[in-house]
Amino acid sequence: MSSTTTGANAGAPDLNVKGLVGADMSKAGQRRPLRVFLDQPGILIGAFVLILVVLLAVVGPMISGYDAYTIDPASRYQAPSAAHWFGTDSFGRDVFTRVALGGVNSLTIGALVTVISVLVGTVVGLYSPSNRVIDAIFMRVTDGLISFPAILLAMIITLALGQSTVNVAVALSFVFAPTVARVVRSRVLVERELSYVEVLRSQGAPTTRILWANILPNVLALLIVQGTYIFGEAVIIEAGLSFVGAGVPQPEPSWGSLVYDGRSVLQTAWWLTAAPGSILALTVLATALIGDGIRDAYDPSFLPAGVVLRFRRWAKKRAKGGNR
Amino acid sequence: MIESLSEQLLRVRDLRIWLNTVDGPVEVVKGISLDVLAGECVALVGESGSGKSITARSLLGLLPRENSSVEGEITLRGGPENVVTATEAQLRKMRGRAVSMVSQDPMTSLDPVARIQRQLRDTIRLREPRLSGEQVRQRALDMLREVGISDPERVLVAWPQQLSGGLRQRVTIALALVAQPALLIADEPTTALDVTVQAQVLRMLTRLRSELGMGLLIITHDMSVVRSVADRVAVMSHGEIVEFGEARQVLDSPQHPYTRGLVASTVTMSTVRDRPLRTVASFVEDTAAAEDGAIR
């Protein structure tokens with residue numbers, strides 16, 4: 001570190017040479033967020049699986065060579081084969097194509113719900129604490145929404161709005177936005193009492209700027225984790241809704257309705273439920289892995305990440321210690 | 001002591017502050033009067049709970065309105081008529097320019113998720129929104145040099161947690177000085193720092209005060225800080241100012257028994273050898289009860 005003394009402080013031997021936490025400085029400064037994420041095996045595995053599922057949904061219908069709606073009575077209930085990778089259903093439709101197309105619906109709903117509920121929840125959570133009356137009203141409303149069983153609430157809202165893919169997404173956003181609002185609000189209540197906020201106010205920073213430019217970034221890690229969980233949860237609840245027939249309207253496939261279709265022939269044509277069911281489970285597992293990974297990346301004291309770090313350190317030491 | 005108003009940066013008359021607790025409002029500041037002249041350093045001393053920090057926050061209008069009430073008159077040069085009755089917009093205009101604040105704990109007074117350059121840039125832009133990116137950067141570098149940071153380029157790209165306590169306190173001081181405030185309120189600026197860094201920061205504050213012609217109100221419970229930087233001292237106890245005068249005079253011949261106790265309880269080189277260190281019998285009973293109530 002340079003030890004040049006500027007004119008201004010020439011008189012006083014200020015010892016700021018010791019100031020920066022030396023050796024790690026340059027390295028830590030370059031440590032990109034992306035790198036932190038890639039250090040988490042859960043994120044890597046989860047992202048890999050999720051990309052595969054998305055690829056299946058997007059590319060699947062094109063490469064399967066079948067149409068998801070074309071009925072072919074001659075080939076009913078065929079087991080998985082080279083011609084039909086996931087077999088066929090009671091109408092002779094190709095299950096692989098239908099699972100892929102169902103994935104488009106399920107993943108779109110998951111993504112929409114995540115975006116809507118995170119946006120709405122963030123705005124409510126950020127502004128709610130700034131006024132006691134508004135805060136009380138918002139929080140009682142969220143209490144009310146949270147106290148409903150999620151799937152029941154989603155069902156009521158979907159049926160009230162009319163069954164469509166977008167309305168299912170809106171209904172599920174009603175379910176998840178309150179949770180986001182609560183989480184954000186509780187962080188805002190903590191953050192705004194911290195001394196840096198008071199310092200910003202003492203410099204004349206407007207409240208809106210403090211909320212969006214200073215407090216929000218401090219809440220962001222939590223939001224990302226919440227977002228991934230919401231994605232997984234939304235996919236599950238949507239499947240539940242479609243399973244009972246309150247979700248994506250027929251004949252459009254969704255993972256939930258596909259499982260429902262196969263339910264009565266479970267013992268003979270197991271692939272009808274196994275294919276959409278296992279893809280659904282994989283997707284949710286992948287998002288949970290990503291969510292956990294991100295949480296650990298932000299909190300390295302948490303055990304699994306700590307173990308990984310320790311292992312890395314140990315591996316490095318061995319590699320360096322060399323060729324003995 | 002009281003000079004013409006034009007030389008006063010800060011004029012406080014009969015300031016009273018109540019905090020709302022579950023047991024009802026408790027008066028924590030009981031009609032204090034205070035003034036700070038241009039280029040002067042006034043120290044506000046007293047033990048924990050005597051109302052120093054609450055007073056400092058009220059000068060900036062930072063007390064939350066819903067659970068405190070303030071009465072009296074606070075006038076700042078370049079600020080609104082009376083800070084106590086000013087609107088939030090008036091206060092925002094005043095903060096930073098007429099008066100700015102350095103807080104007690106440098107570890108938490110910087111935004112942990114923003115690099116120093118963003119924090120400085122945001123504060124500079126608050127005052128001069130039309131500066132170009134390069135000009136802002138130059139300004140930021142100048143500010144960091146001003147507070148005695150010799151390698152500002154590196155500090156600029158650092159995250160707060162990469163800086164030592166002393167460096168962080170310098171950065172917060174730089175942030176407070178961006179708009180060239182007429183008065184700087186430093187709430188225990190050195191409490192969280194070790195002794196050598198304390199001395200550096202105090203020296204720097206003194207230098208900046210004379211360079212920028214700024215008034216300084218230091219809040220502290222450390223009599224050695226008072227001795228090294230203050231021109232005048234206001235001794236606060238139990239929400240009241242019990243003694244206010246020239247620093248040397250107050251320290252050398254304290255009039256009020258509380259001040260005498262404070263001065264006697266200062267550690268000096270001869271303390272341990274000659275006599276046991278004295279302590280002050282606590283005056284803070286009501287406020288302790290009030291804090292208790294606040295927690296409940």
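Naming: A, B, ... by sequence-line order, numbering from 1 per chain.
- With hydrogens and angles disregarded, a donor-acceptor distance shorter than 3.5 Å links the side chain of B/Arg115 to the backbone of B/Val157.
- Interface residue B/Arg127: only side-chain heavy atoms are found under 4.5 Å from chain A.
- Interface remark: B/Arg57 contributes side-chain atoms only to the contact with chain A (heavy atom separation under 4.5 Å).
- For a residue to count as touching a neighbouring chain, one of its non-hydrogen atoms must lie under 4.5 Å from one of that chain's; by this rule B/Leu62 touches chain A with backbone and side chain alike.
- At a 4.5 Å heavy-atom cutoff, B/Gln104 makes no contact with chain A through either its backbone or its side chain.
- Proximity to chain B is absent for every atom of A/Ala221, based on heavy atoms less than 4.5 angstrom apart.
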**OP:** Given side chain to side chain contact (heavy atoms under 4.5 Å, CB included), test A/Ile43 with A/Ile294 step by step and report yes or no.
**Re:** CA-CA 7 Å; A/Ile43 296 182; A/Ile294 294 175; 3.8 Å; yes
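- Neither the backbone nor the side chain of B/Val178 has a heavy atom closer than 4.5 Å to any heavy atom of chain A.
- Contact count versus chain B (heavy atoms, under 4.5 Å) is highest, among A/Leu220, A/Val197, A/Val199, for A/Val199.
- A/Ser128 places no side-chain N or O within donor-acceptor distance of the main-chain N or O of A/Gly125, the cut-off being under 3.5 Å.
- With respect to the salt-bridge test (charged N to carboxylate O, under 4.0 angstrom), the residues B/Arg139 and B/Glu146 do not qualify.
- Side-chain contact check for B/Thr172 and B/Gln169: at least one donor-acceptor pair (N or O, by modelled atom type) lies under 3.5 Å.
- In this structure, chain A has heavy atoms under 4.5 Å from both the backbone and the side chain of B/Asp111.
- Residues B/Val83 and B/Leu59 approach most closely at CG1-O, 3.6 Å, considering heavy atoms.
- For chain A, the nearby parts of B/Leu175 are the backbone and the side chain; heavy atoms of each come within less than 4.5 Å.
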